[in-house]
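Encoded as structure tokens, the structure appears first; notes follow it.
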2 protein chains.
Amino acid sequence: MDSGRSVRVTIDDVARAAGVSRQTVSRAMNDKGDISEATRRRVLATIEELDYRPSAFARGMRTQRAGTVALVLPDIANPFFPAVARGVFDAAAARGLAVVVHNTDADAGAEAEAGRAIVDAGAAGAIGFFEALDDPALAALGRRVPLVVADRPAPDGAVATVRADFRTGTRLACEHLTSRGHARLGMLDGAVENKPERRRAFLETNPDDHVVAAPPTVAGGAAALRSLLARHPGITGVFAFNDLLAIGAVQALRAAGRRAGEQIGVVGYDDITMAALLDPPLTTVHTDKYELGRTLVEVLAHRLDGHPAEHRVLAPRLVVRGSA
Amino acid sequence: MDSGRSVRVTIDDVARAAGVSRQTVSRAMNDKGDISEATRRRVLATIEELDYRPSAFARGMRTQRAGTVALVLPDIANPFFPAVARGVFDAAAARGLAVVVHNTDADAGAEAEAGRAIVDAGAAGAIGFFEALDDPALAALGRRVPLVVADRPAPDGAVATVRADFRTGTRLACEHLTSRGHARLGMLDGAVENKPERRRAFLETNPDDHVVAAPPTVAGGAAALRSLLARHPGITGVFAFNDLLAIGAVQALRAAGRRAGEQIGVVGYDDITMAALLDPPLTTVHTDKYELGRTLVEVLAHRLDGHPAEHRVLAPRLVVRGSA
DNA sequence: CCAGCTAACGATAACGTTCACGGGAACCTT
DNA sequence: AAGGTTCCCGTGAACGTTATCGTTAGCTGG
């Protein structure tokens, strides 16, 4: 039975109860100096006893920084992101940080708007999959809030990065296809900006016109495969920009009476959850999405502690299943 | 080139520039009364001109309420939730609300902790898939912050609800299986608390021992199907608590040399993205997850406007594909 | 024994809003 | 014409922290 008026316990209440000033309470909470170990413990005990929770607003007002980090990504419903997000959430929660999510649909306007919202909210830091924003804008954001960007080069010395090694991943995929006897390889590239690594790596060992671009969706993959095969009927190995495209390719193949993994090999990228559950199960380049999320937070936290911007690279791993 | 010291534009700056008091500026922003249309427009213009953004901290300090809502769910990586979350994000963004996400893994302790964090952060409202928290605790949370719970009865007159009509959905599934000639039906129930509707609806027309419970995962589904068939070899129609279980069942069937949709029918629940991409594609009860997310926010917003708690029910729809 | 230092703590002043008032001018009402 | 409303708008205070600076007691060194 709450006694009606639920009045807030303030720092002054704690100070009174502990017989100190509120400044001392503040010192005890924030591990600042100028406080003896004895009173520190006593204050902490009274805080516990009164169940005092500092007001995030009042604190933020002074410090201009909230205990919250922003996660901006194109679309949480895209199967690649939930696992990443979970990694971010877990690592952030372990550090007492709340996470607010911004979906942008890879639209430059939405990404900019998210950036504004982030600085307005006084977020402690931001983690972002920015796909459309140009470097100057990104650098500007990085100047206003500690920032770590994923899968993209740093626009500025101040912003940290975590990247998957797409070049190695692509090589792994191509070499596997070759080792399975597929001499002529084609690629289903995602028609997205700022993601040239996979295509570039593919082109290191394959001709230019063996690449066809499409929206990185299942439907896009089906269409792209048909157009690829129409152009080059001799192709028997297909590398896709991501699993969605690869799944579309597998489906188009089935519709044409062919089965991936037999006459023709298909390799995807990302290893999203459903890849293992399909028939045939998808051979794909696995990137540890959960680990990516955790790493992003780790790098951000490191930055928050005043260290210079880090740049990490996550290694890919080929998962061989039925489709190639 | 930012001119170094980026000083904040405050409400006083706007007031000065517009030749009014800060209270008038506040009135203009918040659509309060006691202001003439002329000065309102003038103030709004100066706000635009100075690119003034009110401090969320200062505002929250007075109002004790931030422009942020919480979304509590078991696991964003569970394929059911990303689409829901996207609906929540979009609807919230349309209302200028930020969303912070809390993953709980359906653990009572984590759910309680999320509740604490929510009131500490002064969230404007909360949306939750609470699976473990008991009613009193949920009601207590609902007393501290406007709350709408999903897929669960209201613990209290103050908390709003949005629910999927599981009874109808289950009936749709069972009737479809029956109409396909499957006389004996079994059910793969999810071994989760507080979700008895599907099982109850199934038991209305089927015997008790045709239900076997398992963790709502692919692996759980495979195991559950084997145990179900071991007990009742005559069963030819299987209804699963969710798609993950159904997928596991389909896989176990395949491993046993049988194919879902031919001798034996399998119907899932939820229609997660991958359901349509499997082979055979999964027949399942579709609930519009994106719409669920949107509705949750809508109901919360309605509550935030001071209206009494609503209780909405979302209708299911059977999607017939290959597995039954 | 005193100047000088340090450790530990307190008092005051912000931070930027909104709330509760109060007040003047214009407009009615009788 | 006096009193009452209504419409606008401004003034002070308060929300709960932390930064800055001041103060006191105890200690050190000469």
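Each chain gets a letter, A, B and so on, in the order the sequences are listed, and its residues count up from 1.
- Close to C:dG10, at under 4.0 Å from its OP1 or OP2, lies a side-chain N or O of A:Ser21.
- A salt bridge does not link A:Asp51 with B:Arg116: every distance from a Lys NZ or Arg NE/NH1/NH2 to an Asp or Glu carboxylate oxygen is 4.0 Å or more.
- Following rounding to the nearest Å, A:Lys32 (NZ) and C:dA8 (C1') show an atom-to-atom distance of 16 Å.
- Ion pairing between a basic and an acidic side chain is recognised when a charged N comes within 4.0 Å of a carboxylate O; B:Arg144 and B:Asp120 show no such pairing.
- Taking the side chain as every heavy atom from C-beta outward, B:Leu300 and B:Val69 approach each other to under 4.5 Å.
- Residues satisfying the ring pair (Phe, Tyr, Trp, His ring centres under 6.0 Å) test with A:Phe57, not counting sequence neighbours, are none.
- Close to D:dT18, at under 4.0 Å from its OP1 or OP2, lies a side-chain N or O of A:Arg59.
- At the phosphate of D:dG16, neither OP1 nor OP2 sits under 4.0 Å from any side-chain N or O atom of A:Ser55.
- With hydrogens and angles disregarded, no donor-acceptor distance shorter than 3.5 Å links the side chain of A:Arg40 to the backbone of A:Arg27.
- Atom pair B:Asp12:CG and D:dG10:C1' shows a separation of 13 Å (rounding to whole Å applied).
- OP1 or OP2 of D:dG10 lies within a sub-4.0 Å distance of a side-chain N or O belonging to B:Thr24.
- Among the nucleotides D:dC9, D:dT17, C:dT17, the one closest to any side-chain atom of B:Asp34 is D:dC9.
- With rounding to whole Å, B:Gln64 atom CD is found 13 Å from C:dC19 atom C1'.
- Rounded to whole Å, the distance from CG on A:Asn30 to P on D:dT17 is 11 Å.
- For A:Ser26 and D:dT18, the shortest distance from a side-chain N or O to OP1 or OP2 is below 4.0 Å.
- Proximity of B:Ser36 to the phosphate of D:dC9: a side-chain N or O atom is located under 4.0 Å from OP1 or OP2.
- Listed pair B:Thr39 / D:dC9 meets the phosphate criterion, a side-chain N or O lying under 4.0 Å from OP1 or OP2.
- Distance A:Arg22 CZ to C:dC9 C1': 14 Å, rounded to the nearest Å.
- For C:dG16, its base never sits under 3.5 Å from the side chain of A:Arg62 at any donor and acceptor pair.
- Nearest-nucleotide assignment on DNA chain D puts the 5′-proximal partner with B:Arg42, out of B:Arg42 and A:Tyr52.
- The nearest heavy atom of DNA chain C to B:Arg27 and to B:Ala58 marks one nucleotide each, and the one closer to the 5' end goes with B:Ala58.
- In this structure, CG of A:Asp120 is placed 14 Å from P of C:dG16, rounded to the nearest angstrom.
- The residue among B:Arg40 and A:Phe57 whose nearest nucleotide of DNA chain D lies closer to the 5′ end is B:Arg40.
- Side chain of A:Gln23, nearest nucleotide from D:dA19, C:dC15, C:dA13: D:dA19.
- Nucleotide C:dA8 holds its P atom 13 Å from the CZ atom of A:Arg41, rounded to whole Å.
- The aromatic rings of B:Phe80 and B:Phe129 sit perpendicular, their planes meeting at an angle over 60°, well past the 30° parallel limit.
- Distance B:Arg8 CZ to C:dC15 C1': 10 Å, rounded to the nearest Å.
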